[in-house]
Amino acid sequence: LVVTQGERGCQAWTADGGYSAQGIAVEAIDTTGAGDAFHGAFVYAMLQGWELERVVGFANAAAALNCRTLGGRRGLPSLAKVQALLHQVGEAW
(Lines give C-alpha, C1' and ligand atoms only; values in the text may rest on other atoms or scores of the structure.)
Protein backbone atom coordinates (compact mmCIF):
# COMPACT_ATOMS: atom_id res chain seq x y z
CA LEU A 1 0.00 0.00 0.00
CA VAL A 2 1.30 3.44 -0.90
CA VAL A 3 -0.03 6.84 0.11
CA THR A 4 1.41 9.81 -1.77
CA GLN A 5 1.57 13.09 0.09
CA GLY A 6 2.66 15.61 -2.53
CA GLU A 7 5.68 17.64 -1.51
CA ARG A 8 5.77 15.75 1.80
CA GLY A 9 6.73 12.51 0.03
CA CYS A 10 4.95 9.23 0.66
CA GLN A 11 4.35 6.35 3.00
CA ALA A 12 4.47 2.72 1.91
CA TRP A 13 3.61 -0.51 3.67
CA THR A 14 4.18 -4.17 2.91
CA ALA A 15 3.47 -7.32 4.89
CA ASP A 16 6.93 -6.85 6.44
CA GLY A 17 6.44 -3.27 7.62
CA GLY A 18 6.33 0.30 6.44
CA TYR A 19 8.54 3.11 5.23
CA SER A 20 8.15 6.89 5.05
CA ALA A 21 10.06 8.90 2.48
CA GLN A 22 10.39 12.66 2.30
CA GLY A 23 9.64 14.46 -0.94
CA ILE A 24 12.40 15.94 -3.06
CA ALA A 25 12.30 19.73 -3.28
CA VAL A 26 12.20 21.17 -6.79
CA GLU A 27 10.97 24.41 -8.28
CA ALA A 28 7.48 23.19 -9.17
CA ILE A 29 5.75 24.70 -12.18
CA ASP A 30 2.78 22.31 -12.46
CA THR A 31 1.88 19.26 -10.36
CA THR A 32 -0.40 17.79 -13.02
CA GLY A 33 0.64 14.19 -13.59
CA ALA A 34 2.90 13.94 -10.54
CA GLY A 35 0.87 11.06 -9.13
CA ASP A 36 0.90 9.22 -12.44
CA ALA A 37 4.68 9.73 -12.72
CA PHE A 38 5.11 8.47 -9.16
CA HIS A 39 3.03 5.34 -9.67
CA GLY A 40 4.59 4.49 -13.03
CA ALA A 41 8.08 4.86 -11.55
CA PHE A 42 7.02 2.87 -8.48
CA VAL A 43 5.86 -0.06 -10.62
CA TYR A 44 9.04 0.11 -12.73
CA ALA A 45 11.19 0.04 -9.59
CA MET A 46 9.23 -2.83 -8.05
CA LEU A 47 9.69 -4.84 -11.25
CA GLN A 48 13.45 -4.30 -10.88
CA GLY A 49 13.27 -6.13 -7.55
CA TRP A 50 14.61 -3.17 -5.57
CA GLU A 51 14.17 -2.73 -1.82
CA LEU A 52 11.20 -0.60 -0.73
CA GLU A 53 13.40 2.32 0.35
CA ARG A 54 14.97 2.52 -3.11
CA VAL A 55 11.60 2.09 -4.82
CA VAL A 56 9.96 5.02 -3.05
CA GLY A 57 13.03 7.23 -3.49
CA PHE A 58 13.02 6.53 -7.21
CA ALA A 59 9.29 7.19 -7.50
CA ASN A 60 9.56 10.42 -5.50
CA ALA A 61 12.34 11.63 -7.80
CA ALA A 62 10.35 10.86 -10.96
CA ALA A 63 7.32 12.73 -9.60
CA ALA A 64 9.42 15.71 -8.53
CA LEU A 65 11.04 16.01 -11.95
CA ASN A 66 7.64 15.84 -13.64
CA CYS A 67 6.53 18.91 -11.65
CA ARG A 68 9.21 21.12 -13.21
CA THR A 69 7.31 21.43 -16.51
CA LEU A 70 3.80 22.45 -17.56
CA GLY A 71 1.47 19.57 -18.36
CA GLY A 72 1.09 16.02 -17.20
CA ARG A 73 3.36 14.23 -19.66
CA ARG A 74 5.83 16.71 -21.06
CA GLY A 75 7.98 16.58 -17.94
CA LEU A 76 8.20 12.81 -17.60
CA PRO A 77 11.89 12.18 -16.94
CA SER A 78 14.23 9.66 -18.44
CA LEU A 79 15.84 7.01 -16.29
CA ALA A 80 19.12 8.94 -16.47
CA LYS A 81 17.48 12.15 -15.20
CA VAL A 82 15.90 10.35 -12.26
CA GLN A 83 19.22 8.75 -11.36
CA ALA A 84 21.00 12.12 -11.67
CA LEU A 85 18.53 13.79 -9.30
CA LEU A 86 18.89 10.96 -6.79
CA HIS A 87 22.67 11.28 -6.97
CA GLN A 88 22.36 15.06 -6.50
CA VAL A 89 20.28 14.67 -3.33
CA GLY A 90 22.61 12.05 -1.91
CA GLU A 91 20.87 8.77 -2.77
CA ALA A 92 23.32 5.97 -3.61
CA TRP A 93 22.97 4.81 -7.22
Side-chain angles (χ1 to χ4, degrees):
L1 172 68
V2 179
V3 176
T4 58
Q5 300 172 302
E7 65 187 27
R8 293 182 320 233
C10 69
Q11 294 184 30
W13 296 270
T14 67
D16 297 327
Y19 181 76
S20 293
Q22 293 186 353
I24 298 173
V26 296
E27 187 174 330
I29 305 289
D30 183 3
T31 61
T32 303
D36 292 339
F38 177 93
H39 293 294
F42 188 93
V43 169
Y44 170 83
M46 289 293 294
L47 291 173
Q48 302 309 304
W50 298 343
E51 296 293 324
L52 183 59
E53 182 177 353
R54 188 174 182 194
V55 169
V56 296
F58 182 84
N60 276 342
L65 289 169
N66 190 64
C67 292
R68 299 190 318 175
T69 310
L70 283 174
R73 292 179 50 189
R74 230 173 65 184
L76 289 173
S78 66
L79 177 60
K81 287 184 180 183
V82 175
Q83 290 171 330
L85 176 60
L86 288 167
H87 180 72
Q88 179 184 333
V89 299
E91 296 282 335
W93 286 87

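For the single chain, residues carry numbers from 1 onward in sequence order.
In this structure, CD on Glu51 lies 10.0 Å from CE on Met46, to the nearest 0.5 angstrom.
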Output side-chain donor-acceptor pairs under 3.5 Å for residues 2-14, partner residues at least two apart or in another chain, one line each.
unit_1: Thr14; atom_1: OG1; unit_2: Asp16; atom_2: N; d: 3.1
unit_1: Thr14; atom_1: OG1; unit_2: Gly17; atom_2: O; d: 3.4

I'd like a table of donor-acceptor pairs (distance under 3.5 Å, sequence neighbours excluded) in which one partner is a side-chain atom from residues 66-74, with atom names and distances.
unit_1: Asn66; atom_1: OD1; unit_2: Leu76; atom_2: N; d: 3.1
unit_1: Asn66; atom_1: ND2; unit_2: Thr32; atom_2: O; d: 3.3
unit_1: Asn66; atom_1: ND2; unit_2: Gly33; atom_2: O; d: 3.4

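Val89 and Phe38 end up in the same hydrophobic cluster when Ile, Leu, Val, Met, Phe, Trp and Tyr side chains are linked at under 4.5 Å.
Although no hydrogens or angles enter the test, the distance criterion places a donor-acceptor pair under 3.5 Å between the side chain of Ser78 and the main chain of Lys81.
Annotation: side chain to side chain contact (heavy atoms under 4.5 Å, CB included) contacts of Gln48 (sequence neighbours excluded): Tyr44, Trp50. Residues meeting the side chain to side chain contact (heavy atoms under 4.5 Å, CB included) test with Ala61, sequence neighbours left out: Ile24, Val82, Leu85, Leu86.
The two residues Ala59 and Ala41 come nearest to each other via the heavy atoms CA-CB, 3.8 Å. Here the shortest heavy-atom pairing between Leu65 and Pro77 reads CD1-CB, 3.7 Å. Closest approach of Ala64 to Val26, counting heavy atoms only: O-CG2, 3.4 Å.
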